[in-house]
Amino acid sequence: MDSPEQRRKRKRFLKPTNFSSLRHFPPVRSLLYCFGFFVFFYLLFRRHTSAFHHVIAHSRLSSLSAFQMDPVSVFSKFNELPQFKIEDRVSFPDHVLLLVSKSTDTGTEIGNRLKCIYKSNISDSDSDLDNGVRKGSSPLSVEEYNDNRFLVRCPLPPVNFSSLITLQQHGLMIDTTEDKPVNSWENLAYEAVLDGNTAVVFVKGISHRQDKESDPKQFSCHFGLGDWKTGDKFMLTTRALTAAQEVVRCMLPRSILMHPEKALGIRATVSFRMPRIHGRSHRIFLPSVAKISTSKPTTTMKKHDLCVCTMLWNQADSIREWVTYHSWLGVQKWFIYDNNSDDKIKDVIKNLNLEGHNITRHIWPWIKTQEAGFSHCAMRARTVCNWVSFMDVDEFYHFPRLTSTITPSQGSLLTLVSNFTSSSSIGEIRTSCHSFGPSGLTSRPKKGVTVGYTCRLQSPERHKSIIRPDALDFTLMNVVHHFHLRKGFTFVDVDQRVAVINHYKYQVWEVFRAKFYRRVATYVTDWRENHNEGSRDRAPGLGTEAIEPVDWRLQFCEVWDTGLRDFVLGNLVDVSTGVLPWDRSL
């Protein structure tokens, strides 16, 4: 048996040997550092899992460059991407609209190298990717919208590809949201505006009756952030006060009424009660892309005496003459509702503003909603305009007496409406329209429509209106450019010897045929459809095909009328150069 001394010696001898074997393992502190390092990178990559996954998926279509980047370049790419989110998709007959939210610090160049990405409906059995084949296409347009959103109009998906379109920028997928369905344009709440103590919701698909009110008791209004059908999130319900055409006016929930500033961005929609079946009734909720906005009233600014509102599509070649001429007549403010133009209208309006014209371009992506758009414009104009004229870009006011017995002067249209400003009962000024034809021309008149077209139909067709916004009916209902008025207000017809509107409706064929593409009015049939072919809204004798009649240049010519041409050449031409103010070619 070992002595105590021997055991102490043996212990001293073995101790170094045990520690020497542990030197092959890293210390505990190093292990903790390594563990923390991997946790950090796990959390970092988790934030971009979806985007990084689709970078890999997209490599089949483009390249493997994403894998060849060094880590610093990859992280730099992620940090450069704006924070986009596809909130809604709306399917139209000729495109799909994406409503996309963005972070407040996102720059204005949101459309730079943006692509619409389409996912195949056919599974790819040869691929190890779980998201199938994808194709990309450039968007039709990208526009800044309201409430920190922008609009991306994508072409319709190719055959066998899904309409659940996603987006890509700089070669990287920036949003892969596919959980929200594509909304049909035929049934949709698409705009919502605070108007005093009420909210006005614009809806498609609840009423097809022109110039008729619906029973508001059939409708309810809903405000919140969640799913309308399941009610799984916050939702408030109020009753509808009025319902006419596509406009429903709603009571505000008490919480919003007390704090209207907190209502901005809240989604709104409308439901309607279906007829009872077997003793039961149920409600249909309209899908909604409408978020509450405000007209932003300016109380410190003096109101403009005369404003103009119009809705247009691809009128870049015409708007300069129209704005310049009517500004000379006294128009002070313009509201241009752009209905998906793809010409240079944005640049033209920018240049006109630089020249001193006060023009606001409002993006209005909703097709065939002119009446609703005018209701929307009337609310916006109420706080800044005493009078608002609703007319088209091919319509020009003409004062026959100014070319005969009265000396021409600037501001003639402003003077006309000022004569009624002091009236406590006049809420609308109606002016008759004369429709002009091609006047023998086969190409656009170089000096503009007011000088080029001089032959018209004998009798006037309809009228256009200048309205007092605060005299409008609570429903905001309007038909063919005139509004229903509140009780106590009436309209006045302007004597045709004092003022008329020259409506250059039937221009040379290259201009006129654009009407076959689409018309902006809700209740006017598109000319490619076999409906109401005898209506005054169509060209008499013209069918449903955009084929030029042999004698088109000679049609719609019953009276030669050079009154406005003579007035323009006598008063607006630069005497030193002979150039009209809207002539940009010289």
Side-chain angles (χ1 to χ4, degrees), residues 305-308 310 318-332 387-421 423 426 428-441 445 447-467 480-482 491-507 536 555-575 578 580-583:
D305 292 313
L306 179 58
C307 306
V308 165
T310 195
S318 306
I319 192 172
R320 171 171 289 278
E321 178 182 9
W322 184 70
V323 167
T324 305
Y325 172 76
H326 286 98
S327 291
W328 193 88
L329 290 180
V331 174
Q332 301 162 334
W387 293 91
V388 185
S389 173
F390 288 85
M391 59 179 175
D392 296 330
V393 179
D394 58 358
E395 295 169 339
F396 290 73
Y397 272 87
H398 170 43
F399 296 86
R401 286 185 177 178
L402 297 185
T403 59
S404 56
T405 60
I406 301 177
T407 303
S409 63
Q410 286 183 277
S412 301
L413 184 57
L414 179 59
T415 300
L416 173 67
V417 299
S418 298
N419 292 333
F420 300 100
T421 299
S423 172
I426 301 299
E428 180 181 17
I429 305 168
R430 296 182 176 180
T431 307
S432 299
C433 301
H434 283 296
S435 295
F436 280 70
S439 306
L441 302 179
K447 292 184 177 294
V449 297
T450 54
V451 175
Y453 298 117
T454 55
C455 196
R456 61 173 173 82
L457 297 177
Q458 173 72 43
S459 302
E461 294 183 329
R462 295 181 170 171
H463 63 266
K464 295 299 170 73
S465 298
I466 303 176
I467 59 95
V480 195
H481 299 235
H482 70 262
F491 63 88
V492 61
D493 287 314
V494 177
D495 191 320
Q496 293 185 38
R497 294 171 298 178
V498 175
V500 295
I501 291 177
N502 282 11
H503 184 188
Y504 300 105
K505 181 177 181 179
Y506 309 107
Q507 299 187 34
R536 288 184 297 174
Q555 291 191 23
F556 316 108
C557 180
E558 296 175 348
V559 177
W560 290 96
D561 183 349
T562 63
L564 186 52
R565 182 198 67 179
D566 297 339
F567 175 77
V568 166
L569 294 178
N571 295 277
L572 276 72
V573 170
D574 187 315
V575 294
L580 289 165
W582 49 81
D583 189 349

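Here the side chain of Tyr504 pairs no donor or acceptor atom with the backbone of Gly452 at under 3.5 angstrom. Put simply, the side chain of Gln332 gets close to the backbone of Asp305: a donor and an acceptor are under 3.5 Å apart. Side chain of Glu558 to backbone of Gln458: a donor-acceptor contact under 3.5 angstrom is found. For Glu321 (side chain) and Ser318 (main-chain N/O), no donor-acceptor pair under 3.5 Å exists by modelled atom type. A donor-acceptor pair under 3.5 Å is absent between the side-chain atoms of Ser465 and the main chain of Arg430, judged by distance alone. A donor-acceptor pair is defined here as one N or O able to donate and one able to accept, closer than 3.5 Å; such a pair exists between the side chain of Ser423 and the backbone of Ile426. Between the Ser439 side chain and the Cys455 main chain, a donor and an acceptor come within less than 3.5 Å of each other. Not a single donor-acceptor pair under 3.5 Å links the side chain of Thr454 to the backbone N or O of Trp560.
Residue Leu441 comes nearest to Pro445 through the heavy atom pair CD1-CB, 4.0 Å, listed as atom of the first residue, atom of the second, then distance. Annotation for Val498 and Pro400: closest pair O-CD, 3.5 Å, computed over non-hydrogen atoms. The heavy-atom pair separating Ala499 from Thr431 by the smallest distance is O-CG2, 3.6 Å. When all heavy atoms of Leu457 and Cys557 are compared, the pair lying nearest together is CD2-N, 4.5 Å.
The disulfide bond (SG atoms under 2.5 Å apart) test applied to Cys433 returns no partner, not counting sequence neighbours. With sequence neighbours excluded, no residue satisfies side chain to side chain donor-acceptor pair (under 3.5 Å) with Asn419. Under the side-chain contact (heavy atoms from CB on, under 4.5 Å) criterion, Thr324 pairs with Arg320, Leu352, His357, Pro581, Trp582, not counting sequence neighbours. Taking the side chain to side chain donor-acceptor pair (under 3.5 Å) definition, one finds that Ser432 meets it with nothing, sequence neighbours left out. Evaluation of the ring pair (Phe, Tyr, Trp, His ring centres under 6.0 Å) rule for Phe420 yields no partner, not counting sequence neighbours. For Lys447, the side-chain contact (heavy atoms from CB on, under 4.5 Å) partners are Val451, Leu580, not counting sequence neighbours.
Using a 30° and 60° split on the angle between ring planes, Tyr397 and Phe399 fall in the parallel class, below 30°. Ring planes of Trp328 and Phe567: perpendicular class, angle over 60° (limits at 30 and 60°).
Counted by atom type alone, Ser418 and Trp387 present zero donor-acceptor pairs between their side chains at under 3.5 Å.
Residues Gln507 and Tyr453 have side chains in contact (heavy-atom distance under 4.5 Å, counting atoms from C-beta outward). Side chains of His434 and Gln496 form a contact here, defined as non-hydrogen atoms less than 4.5 Å apart. Counting heavy atoms from C-beta outward, His398 and Ile501 have side chains that stay 4.5 Å or more apart. Annotation: side chain of Tyr506 is in contact with side chain of Ser435 (closest heavy-atom distance under 4.5 Å). Taking the side chain as every heavy atom from C-beta outward, Phe396 and Tyr325 approach each other to under 4.5 Å. Considering only heavy atoms from C-beta on, Ile466 comes within 4.5 Å of Leu413 through its side chain. Counting heavy atoms from C-beta outward, Val393 and Thr310 have side chains that approach closer than 4.5 Å. When side chains are defined from C-beta on, Ile429 counts as touching Val417, because their heavy atoms get closer than 4.5 Å.
Electrostatic pairing of Asp561 and Arg456 counts as a salt bridge here, judged by a charged N lying under 4.0 Å from a carboxylate O.
Expressed to the nearest 0.5 Å, how far CG of Leu572 lies from OG1 of Thr450 amounts to 8.0 Å. Taking CD1 from Ile467 and SG from Cys307, the interatomic distance works out to 10.0 Å, rounded to the nearest 0.5 Å. Expressed to the nearest 0.5 Å, how far CZ of Phe390 lies from CD of Glu428 amounts to 10.0 Å. Atom CG of Asp583 and atom CG of Asp574 lie 11.0 Å apart (nearest 0.5 Å).
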Pair Asp394-His503, side-chain hydrogen bond (donor to acceptor under 3.5 Å, both in side chains): steps then yes or no = CA-CA 6 Å; Asp394 58 358; His503 184 188; 3.3 Å; yes
task = Might you work through the side-chain contact (heavy atoms from CB on, under 4.5 Å) test for Glu461 and Lys505, ending with a clear yes or no?
result = CA-CA 11 Å; Glu461 294 183 329; Lys505 181 177 181 179; 4.0 Å; yes
